[in-house]
Amino acid sequence: MKILAIETSCDETAAAVTNGRQVLSSVVASQVEEHRIYGGVVPEIASRRHAEAIVRICEEAVNQAGISLNEIDAVAVTYAPGLIGALLVGVNFAKGLSLSLKKPLIPVHHLRSHIAANYITYPDLSPPFLCLLVSGGHSHIIEVLDYTEFRIVGRTRDDAAGECFDKAARAMGLPYPGGVFLDKIAEGGNPDIYKLPRPTVSDNVYDFSFSGLKTAVVNLIHNHKQKGEEISIPDLAATLRQRVCDMLIENTLLASKDLGYKKIVLSGGVSANSELRRRMDEECRSHSYSLYYPELKYCGDNAAMVGVQAYYEYQKGNVSSEDLNAFATLPIN
Ligand code: KG4
Ligand code: ZN
């Protein structure tokens, strides 16, 4: 089943053609350079750029797949969660396309598609498994019971892991998107120089809290500046990265032990983090767990993962009529 998938939930205009789990083409137009000037995504600009790019990106995806538009069996689109104006560009375009081609329209939840990125990298991976989903907007530990069945075990109480990285990186003077640059600079840093708190959440042991860490970084920088003291950004970045990874890894391992999962999957933009991958590799090897994480090109936002998840949604009958709407927030289940 050939699916033309569209993703416009944040600052990437993406289209892909997939066939089951197979990716026939995947095109991503990133707006990151433009948003970098402002230090973060400007929603108005994001929507406008999506509207300008979407026709060309979809055409490119179809051409690169070596097919014609008439050979498409269905149109899939990310409809939630994300920036509402940005999502609406993709949803409206997909509705128009599905109507004119007379092909089914498959709405796809953004977080479900991030998990599906792993189905591309590992053709034999199948649920059930435990997933740590960490992106710019979400940090969840999820029981993936089936391709379209999810149970949230733990979640962040405040900021997402990616948001914490991005905001702390901004305070450190690193470019947007901060998480990527913080990860790179942390490689040369010593995580034992600066003291940062180890946040805990008392009533649900699987939940996360990152905003205290972010505030501690901002305060530490401020205090050093006031005293006229130099600060080592690599060391501070390494400390923050270690604290964030500590929390992500400890909670995921605890949940997998308590719930009896031996298959652990990472997903979302932050699953590209080198320390997270490295340490999870070591932990899973020592516990005899199998670990899965997407190829780097499928960690961040892309439409190939949307097409693959759409394939499973379609099998469950999750198709939409022409009144499909977009939602800024919507739980995964
Ligand atoms: O999944 P994603 O592309 O978009 C959302 O759905 O939010 O995730 C973007 C987030 C950003 O916060 C970005 O800084 C973070 O993923 N990120 C990273 C790395 N690469 C991307 N964070 C830490 N280390 C990385 N290597
Ligand atoms: Zn995303």
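First listed ligand is number 1; within each ligand, the first listed atom is number 1. When a residue number appears, it is its place in the shown sequence, counting from 1.
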Problem set entry | For Q31, the option from E34, H35, E33 that meets side chain to side chain donor-acceptor pair (under 3.5 Å) | H35
Exercise. Of the options N302, T78, T13, which is the one that meets E7 in a side chain to side chain donor-acceptor pair (under 3.5 Å)?
Worked result: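 When side chain to side chain donor-acceptor pair (under 3.5 Å) is applied between E7 and each of N302, T78, T13, only T78 qualifies.
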Exercise. Using the ring of each side chain (for Trp, its six-membered ring), is Y119 parallel, tilted or perpendicular to F129, with breaks at 30° and 60°?
Worked result: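 Geometry flag for F129 against Y119: perpendicular rings.
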Problem set entry | Any residue meeting ring-ring contact (aromatic ring centres under 6.0 Å, His included) with H114, in chain and number order, not counting sequence neighbours | H110
Which of the ligand 1 atoms, numbered from 1, are nearer than 4.0 Å to a heavy atom of [X]:
X: G300; value: 3 (O)
X: G136; value: 5 (C), 7 (O), 8 (O), 9 (C), 10 (C), 12 (O)
X: G162; value: 12 (O)
X: F165; value: 22 (N), 23 (C)
X: G137; value: 7 (O)

Considering heavy atoms of the protein only, find what lies nearest to [atom] and give residue, atom and distance to 0.1 Å.
atom: atom 2 (P) of ligand 1; result: D301 OD1, 3.6 Å
atom: atom 24 (N) of ligand 1; result: N273 ND2, 2.9 Å
atom: atom 11 (C) of ligand 1; result: D166 OD2, 3.4 Å
atom: atom 15 (C) of ligand 1; result: V270 CG2, 3.9 Å
atom: atom 6 (O) of ligand 1; result: H110 NE2, 3.1 Å
atom: atom 26 (N) of ligand 1; result: D183 OD2, 3.0 Å
atom: atom 21 (C) of ligand 1; result: G269 O, 3.4 Å

Do [X] and [Y] have side-chain N/O donor and acceptor atoms under 3.5 Å apart?
X: N19; Y: Y311; result: no
X: Y261; Y: E143; result: yes
X: N273; Y: Y293; result: no
X: Y206; Y: D258; result: yes

For this session: Show your reasoning for whether ring pair (Phe, Tyr, Trp, His ring centres under 6.0 Å) applies to H224 and Y194.
Result: CA-CA 11 Å; H224 275 68; Y194 296 110; 5.8 Å; yes
Seminar exercise, completed: Going by the 4.0 angstrom heavy-atom rule, the piece of H114 near ligand 1 is side chain
Exercise. At under 4.0 Å between heavy atoms, which part of H138 makes contact with ligand 1: side chain, backbone, both or neither?
Worked result: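 No part of H138 is near ligand 1 at this cut-off.
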For this session: Taking the six-membered ring for Trp and the single ring otherwise, decide whether the centroids of F208 and F210 are under 6.0 Å apart.
Result: yes
For this session: Could you walk me through whether K214 and D158 pass salt bridge (charged side-chain N to carboxylate O under 4.0 Å, His left out), step by step?
Result: CA-CA 11 Å; K214 172 197 68 190; D158 37 58; over 6 Å; no
Problem set entry | Within 45° cone and under 6.0 Å: K184 NZ/CZ vs F181 ring | yes
Looking only at distances, please establish whether an N/O atom of ligand 1 is found under 3.5 Å from an N/O atom of [X].
X: E163; result: no
X: G268; result: no
X: S274; result: no

Exercise. Hey, quick one: are Y122 and L291 part of the same hydrophobic cluster, counting side-chain heavy atoms closer than 4.5 Å, chains of contacts allowed?
Worked result: yes
Problem set entry | V319-V75 co-clustered via ILVMFWY side chain contacts under 4.5 Å | no
Exercise. List-wise, which protein N, O or S atoms are found short of 2.8 Å from the Zn ion (ligand 2)?
Worked result: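 Less than 2.8 Å away from the Zn ion (ligand 2) sit H110 NE2, H114 NE2, D301 OD1.
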